[in-house]
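Below you'll find the structure, written out as structure tokens, and then a few comments.
Nothing fancy with the numbering, it's 1 onward along the sequence. Counting starts at 1 for both ligands and their atoms, in listed order.
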Amino acid sequence: MGVFGGAIFVVISLLVVLAVTTLGHATGKREETVETGSCGGIAGTWVYDSSYPLYNSSQCPFLQKQFKCLENGRLDTDYLKYRWKPAGDCDLPRFDGRAFLFGLRGKRLMFVGDSLGLNQWQSLTCMVLTAVPDAKYTSTTVAGLSNFSFPEYGVQLMFFRDAFLVDIVSTSTGRALRLDSLQNAKIWEGVDVLIFNSWDYIQEGNKTYKDMNRLVAYEKALNTWVKWVDSSVDPSKTTVFYQGVSPDHANASDWAEPKANACLDQTRPLAVSRYPAGPSPAELVAEKVIRSMTYPVRLLNVTYLSQFRVDGHPSVYGFGGHRNMDCSHWCLPGVPDTWNLILYQSLVANNF
Ligand SMILES: *[C@@H]1O[C@H](CO)[C@@H](O)[C@H](O)[C@H]1NC(C)=O
Ligand SMILES: *[C@@H]1O[C@H](CO)[C@@H](O)[C@H](O)[C@H]1NC(C)=O
Ligand SMILES: *[C@@H]1O[C@H](CO)[C@@H](O)[C@H](O)[C@H]1NC(C)=O
Ligand SMILES: *[C@@H]1O[C@H](CO)[C@@H](O)[C@H](O)[C@H]1NC(C)=O
Ligand SMILES: *[C@@H]1O[C@H](CO)[C@@H](O)[C@H](O)[C@H]1NC(C)=O
């Protein structure tokens with residue numbers, strides 16, 4: 001109850017929070033930034049890089065089947081080979097797993113959210129483990145909290161399924177997050193970094209919003225979250241990231257191939273300089289809300305670069321075959337590895 005006032009329900013498909021908890025001392029001051037993965041917020045392109053992917057999923061037996069497209073029978077492999085190249089004289093840093101662990105030593109990092117949070121957390125754990133294949137690690141899941149720990153470094157990379165501040169309830173349209181509930185707040189005590197992303201259906205009271213109305217609800221939900229962050233999170237101890245919106249490619253009209261069957265059989269990134277459907281409306285909402293915050297949230301701009309990756313989804317190579325067409329999650333290795341490079345870049349630039 002408390003800071004949230006009236007009940008707001010949010011049905012989400014994707015909600016990601018990344019939390020880094022400093023067990024030792026707090027890090028220094030932080031500035032509000034948009035992390036676009038580029039120098040100066042300009043665009044970039046996906047370039048073929050034969051040194052990619054960053055890892056072989058067979059080295060990470062804990063990866064879930066739904067992301068292991070090759071193992072599920074996907075035959076084309078070019079989609080594994082693309083590196084995001086920011087425009088100009090800029091590059092994303094090469095991921096240095098040892099530097100990452102060293103920078104995070106003594107800290108807890110936590111993704112919280114739904115399956116796209118899982119997607120990115122699994123990518124990160126595999127990237128790190130590949131860099132330090134001989135490091136001891138433990139991996140446990142208890143009561144929705146997955147804990148991937150490197151004891152020698154004192155680093156815990158965690159994923160908490162579902163709710164941040166909120167309870168999951170079932171509705172006729174899917175699952176809903178109650179943004180007025182703080183039942184999970186204990187999980188977040190001492191948190192340093194939070195990252196959110198997009199929500200599919202939103203319900204306030206008994207009314208369910210879809211399409212344009214859902215953007216209104218999305219904005220309300222974000223504002224509720226913003227109130228909590230602004231009033232309850234200490235910027236000297238906590239870095240808050242907003243994940244940005246992970247675009248789906250369920251409707252090929254969005255990229256002007258109306259005859260295509262969603263993302264099925266897409267084998268390379270779109271070779272266009274501008275995504276035909278334009279910016280994601282949810283992204284614009286997020287941008288507006290986050291700019292209004294007093295808390296210096298860092299916005300991870302994953303939307304723009306991911307929009308071009310129509311080839312990056314499991315399509316029918318996700319949940320074990322042809323039952324489902326998954327054009328919202330991402331194959332691993334794949335696009336979330338780049339999100340983690342942007343995260344890594346941001347953490348390195350701010351001395352963790
Ligand atoms: C993300 O980056 C793109 C390309 O630089 C930009 O057009 C867009 O406004 C950015 N989005 C946000 C939410 O900052
Ligand atoms: C991943 O490793 C396995 C086992 O070592 C190997 O058979 C496979 O070819 C590798 N895959 C890629 C894409 O390199
Ligand atoms: C995660 O696992 C490590 C190693 O087993 C343990 O020390 C730590 O307490 C665990 N963290 C949580 C939050 O359970
Ligand atoms: C919501 O629906 C329930 C059950 O249909 C009803 O009892 C309740 O009064 C409704 N609340 C509002 C605010 O409309
Ligand atoms: C895909 O998008 C087009 C253009 O916006 C729209 O007319 C069509 O109904 C959409 N198809 C589906 C299956 O939602």
* To do: Start with the C-alpha distance between His329 and His313, add both sets of side-chain angles, then the distance that settles ring-ring contact (aromatic ring centres under 6.0 Å, His included), and finish with yes or no.
  => CA-CA 6 Å; His329 300 100; His313 302 283; 8.8 Å; no

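- Using a 3.5 Å distance cut-off with no hydrogens or angles, the side chains of Thr267 and Asp78 do not pair a donor with an acceptor.
- What sits closest to atom 9 (O) of ligand 2 on the protein, heavy atoms only, is Asn56 ND2, 4.8 Å.
- For ligand 3, the atoms lying closer than 4.0 Å to a non-hydrogen atom of Met158 are 13 (C).
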* Give the intermediate values and the outcome of ring-ring contact (aromatic ring centres under 6.0 Å, His included) for residues Phe148 and Tyr137. => CA-CA 7 Å; Phe148 200 97; Tyr137 72 88; 4.7 Å; yes

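- The contact set between ligand 3 and Thr138, taken as ligand atoms under 4.0 Å from a residue heavy atom, comprises 4 (C), 5 (O).
- Heavy-atom neighbours of Arg268 CZ from other residues, nucleotides or ligands within 6.0 Å: at or below the threshold of 12.
- The protein heavy atom nearest to atom 8 (C) of ligand 5 is Asn251 ND2, 3.8 Å.
- Ranking protein heavy atoms by distance to atom 4 (C) of ligand 5, first place goes to Ser253 CB, 4.0 Å.
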* Intermediate values then yes/no, ring-ring contact (aromatic ring centres under 6.0 Å, His included), Tyr52 and Tyr48 -> CA-CA 8 Å; Tyr52 268 49; Tyr48 193 90; 9.7 Å; no

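- Protein non-hydrogen atoms do reach within 4.0 Å of atom 2 (O) of ligand 5.
- The contact set between ligand 3 and Asn147, taken as ligand atoms under 4.0 Å from a residue heavy atom, comprises 1 (C), 2 (O), 3 (C), 8 (C), 10 (C), 11 (N), 12 (C), 14 (O).
- Taking only nitrogen or oxygen atoms, main chain and side chain alike, Gln156 reaches within less than 3.5 Å of ligand 3.
- Counting only heavy atoms, the protein gets under 4.0 Å from atom 11 (N) of ligand 5.
- When only non-hydrogen protein atoms are considered, atom 5 (O) of ligand 2 lies nearest to Ser58 OG, 4.3 Å.
- Using modelled atom types and a 3.5 Å distance limit, the side chains of Asp337 and Ser123 yield a donor-acceptor pair.
- Ring-plane geometry between Phe352 and Phe100 is classed as perpendicular, the angle between the planes exceeding 60 degrees on a 0 to 90 degree scale with a lower cut at 30.
- Under the 3.5 Å distance criterion, with hydrogens and angles disregarded, no donor-acceptor pair is assigned to the side chains of Asp326 and Gln66.
- There is a protein heavy atom closer than 4.0 angstrom to atom 14 (O) of ligand 2.
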